[in-house]
Amino acid sequence: MIRRYSMLIDTFRCLSCNSCTVECKRENNVPFGFFRTRIDTFEAGKYPDTFMGFKKAACLHCGDAPCVVVCPTGASYKTESGVTLVDESKCIKCGYCMYACPFDARYWHPVSKKPDKCTLCIHRLDAGQKPSCAEKCFAVAILFGEWEDMVIEGERRVASIKKKMPEANLYKGDGLGGLGVMFVLTKSPVFFDLPERPEMPTSIVAWQKVIRPLAYIAGGATVAGLIISFLANLGKEPEAKI
Amino acid sequence: MKNERIIRNSKAARLVHWIHTISCLMLFYTGLAIFSPKLNGLAWIFGGLEHARAHHRVAAIVFIAIPALAIIFNFKGFLHMLGSIFSWDSDDTKWLIKAPAYMFKSSIDMPPQGKLKAVQKLAYMMVLFSSVVMVVTGIILWYPASYTPNALLWSVALHDLFMIITGVVLLGHMYIGLGIFQPYRGAWRLMFGDGTISEEAAEFHNAKWFQKVKAR
């Protein structure tokens, strides 16, 4: 039994064949022109010394997911096994999750007009199968399993390519409660258009941890004050009749 | 003579206040429904959250349009209102210092006040400022396409923060203005009734304003 479903994506092994892209669309009926997972391409260097990197871009199923924190209806939520999902029936299309996602993992579904994204193929996981992208990756660049195991395997792979790729690192996002989908990166996160140290944006922390509790404190204190004032003046006649 | 009544708020002022009250309460109610998942249940009156959200926007249009029209058609009145809100004298300071005690023990002698009392001035200043922030952030969130995600998230945060500030002021405003505060019993009629106040009360509560009215 897996406690936290997790994925490891190895940019050193990825060939940009797009099998994952195709398989995801087939498996999940993703509409034309939209992607739950896609391959982003990055280039560096100068001819003839050039480099190209490929990154599978999709929901990273953050442990502490900004999209879930900002959702005003509970439509975006985490399952017990760490998968971030969207309950369409609760969604009111406010778009906060779209603004909050640090990884640009969501898109507006053209039919439902609601945010849609990778579900880690939860319907397959329940049946004891792997996500379809991991199933079909010919380069063995997508591994699937328990979170701790993925971290160990990620570190092993980083160590094994360190000689060829001195910048290699394991991207696991401790600032967001650990990413459910981690990367073995051949270059710095910035090269792959990833935030260096992904964390909850200050705006969200201020909003959720300071402002929202303030509403209950300020509202409660005001009402309490007014009730005391009311009781203190109960039965008093106005000094001048209005 | 003491039983005579003088007009405090004109028909137009009361009409604007009525419409503004309704739109404001509607904004609060529908806004609270999406403030937190815990409050989602409030939306049932509107038939669900999406409808509550639509009503929030309709109310927002009214909330913006009515004062805007009032300003356009009675610019002089608007400037006059700003003038009375942003005026301040030493009596106001003295009144303000005594105000908290007055809230709990109303039999205290208070310094003479104009048409607006010191706390009213402060409250209206805050509401004016908050309203501008709420309207600007609200419009940003309504048309998100040209803003960065971070600007949008800060807009939500500010929209919520100023909702809290406005809400606290509104609670106080309702408590005093509706005359739930017993020494002000009957005050509701100044805005929701015929707009008049007894000369006795005007002299007692708004001595400076009363003298001006009498001198006219």
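Just so it is clear: chains get the letters A, B, ... in the order the sequence lines come, proteins before strands, and each one is counted from 1.
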The test is side chain to side chain contact (heavy atoms under 4.5 Å, CB included); show your working for B/Leu128 and B/Val132 and say whether it passes. CA-CA 6 Å; B/Leu128 266 178; B/Val132 172; 5.9 Å; no
The test is side chain to side chain contact (heavy atoms under 4.5 Å, CB included); show your working for B/Met81 and B/Tyr124 and say whether it passes. CA-CA 10 Å; B/Met81 187 189 80; B/Tyr124 297 172; over 6 Å; no
Show your working on side chain to side chain contact (heavy atoms under 4.5 Å, CB included) between A/Ile39 and A/Cys14 and close with a plain yes or no. CA-CA 9 Å; A/Ile39 300 290; A/Cys14 178; 4.2 Å; yes
Would A/Leu194 and A/Leu185 count as a side chain to side chain contact (heavy atoms under 4.5 Å, CB included) here? Give the steps. CA-CA 10 Å; A/Leu194 290 165; A/Leu185 295 178; 3.9 Å; yes
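Chain B forms more heavy-atom pairs under 4.5 Å with one residue of A/Gly95, A/Ala215, A/Gly74 than with any other, namely A/Ala215. Chosen from B/Leu158, B/Leu161, B/Ile197, the residue pairing most often with chain A at heavy-atom distances under 4.5 Å is B/Leu161. Options B/Ile34, B/Leu141, B/Leu49, B/Leu152 differ in how many heavy-atom pairs under 4.5 Å they form with chain A, and the most are formed by B/Leu152. When each of B/Gly179, B/Ala157, B/Ala202 is scored by its heavy-atom pairs under 4.5 Å with chain A, the top score falls to B/Ala157.
Interface remark: A/Ala218 contributes backbone and side-chain atoms alike to the contact with chain B (heavy atom separation under 4.5 Å). Contact annotation for B/Leu190: only side-chain heavy atoms (C-beta onward) come within less than 4.5 Å of a heavy atom of chain A. Residue A/Leu214 touches chain B through both its backbone and its side chain, counting heavy-atom pairs closer than 4.5 Å. Within the 4.5 angstrom heavy-atom criterion, no atom of B/Ile176 approaches chain A. Contacts of A/Cys101 with chain B are absent, with no heavy-atom separation under 4.5 Å from either backbone or side chain.
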Under 3.5 Å, which donor-acceptor pairs link chain B and chain A? Put them in a table for me, please.
unit_1: B/Arg5; atom_1: NH1; unit_2: A/Ile242; atom_2: O; d: 3.3
unit_1: B/Arg5; atom_1: NH2; unit_2: A/Ile242; atom_2: O; d: 2.9
unit_1: B/Phe35; atom_1: O; unit_2: A/Arg212; atom_2: NE; d: 3.3
unit_1: B/Phe35; atom_1: O; unit_2: A/Arg212; atom_2: NH2; d: 3.1
unit_1: B/Asn40; atom_1: ND2; unit_2: A/Pro72; atom_2: O; d: 3.2
unit_1: B/Arg53; atom_1: NH1; unit_2: A/Ile92; atom_2: O; d: 2.9
unit_1: B/Met103; atom_1: O; unit_2: A/Ser229; atom_2: OG; d: 2.7
unit_1: B/Met103; atom_1: O; unit_2: A/Asn233; atom_2: ND2; d: 2.8
unit_1: B/Ser106; atom_1: OG; unit_2: A/Asn233; atom_2: OD1; d: 3.0
unit_1: B/Asn150; atom_1: OD1; unit_2: A/Ser203; atom_2: OG; d: 3.3
unit_1: B/Asp160; atom_1: OD2; unit_2: A/Trp207; atom_2: NE1; d: 2.8
unit_1: B/Tyr175; atom_1: OH; unit_2: A/Ser229; atom_2: OG; d: 2.7
unit_1: B/Tyr175; atom_1: OH; unit_2: A/Phe230; atom_2: N; d: 2.9
unit_1: B/Arg185; atom_1: NH2; unit_2: A/Lys236; atom_2: O; d: 2.5
unit_1: B/Ser198; atom_1: N; unit_2: A/Ile242; atom_2: O; d: 3.3
unit_1: B/Ser198; atom_1: OG; unit_2: A/Lys241; atom_2: O; d: 2.5

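Atom CD1 of B/Ile7 has 12 or fewer neighbouring heavy atoms from other residues, nucleotides or ligands inside a 6.0 Å radius.
Closest of all the heavy-atom pairs between B/Ala207 and B/Pro112 is CB-CB, 3.9 Å. Across all non-hydrogen atoms, the minimal contact from B/Phe181 to B/Met103 is CE1-O, 3.5 Å.
B/Ser10 is linked by a side chain to side chain donor-acceptor pair (under 3.5 Å) to nothing, counting only residues two or more places apart in sequence or in another chain.
Taking the six-membered ring for Trp and the full ring otherwise, B/Phe162 and B/Phe129 have centroids separated by under 6.0 Å.
Side-chain contact check for B/Leu153 versus A/Pro66: every heavy-atom pair is 4.5 Å or farther apart.
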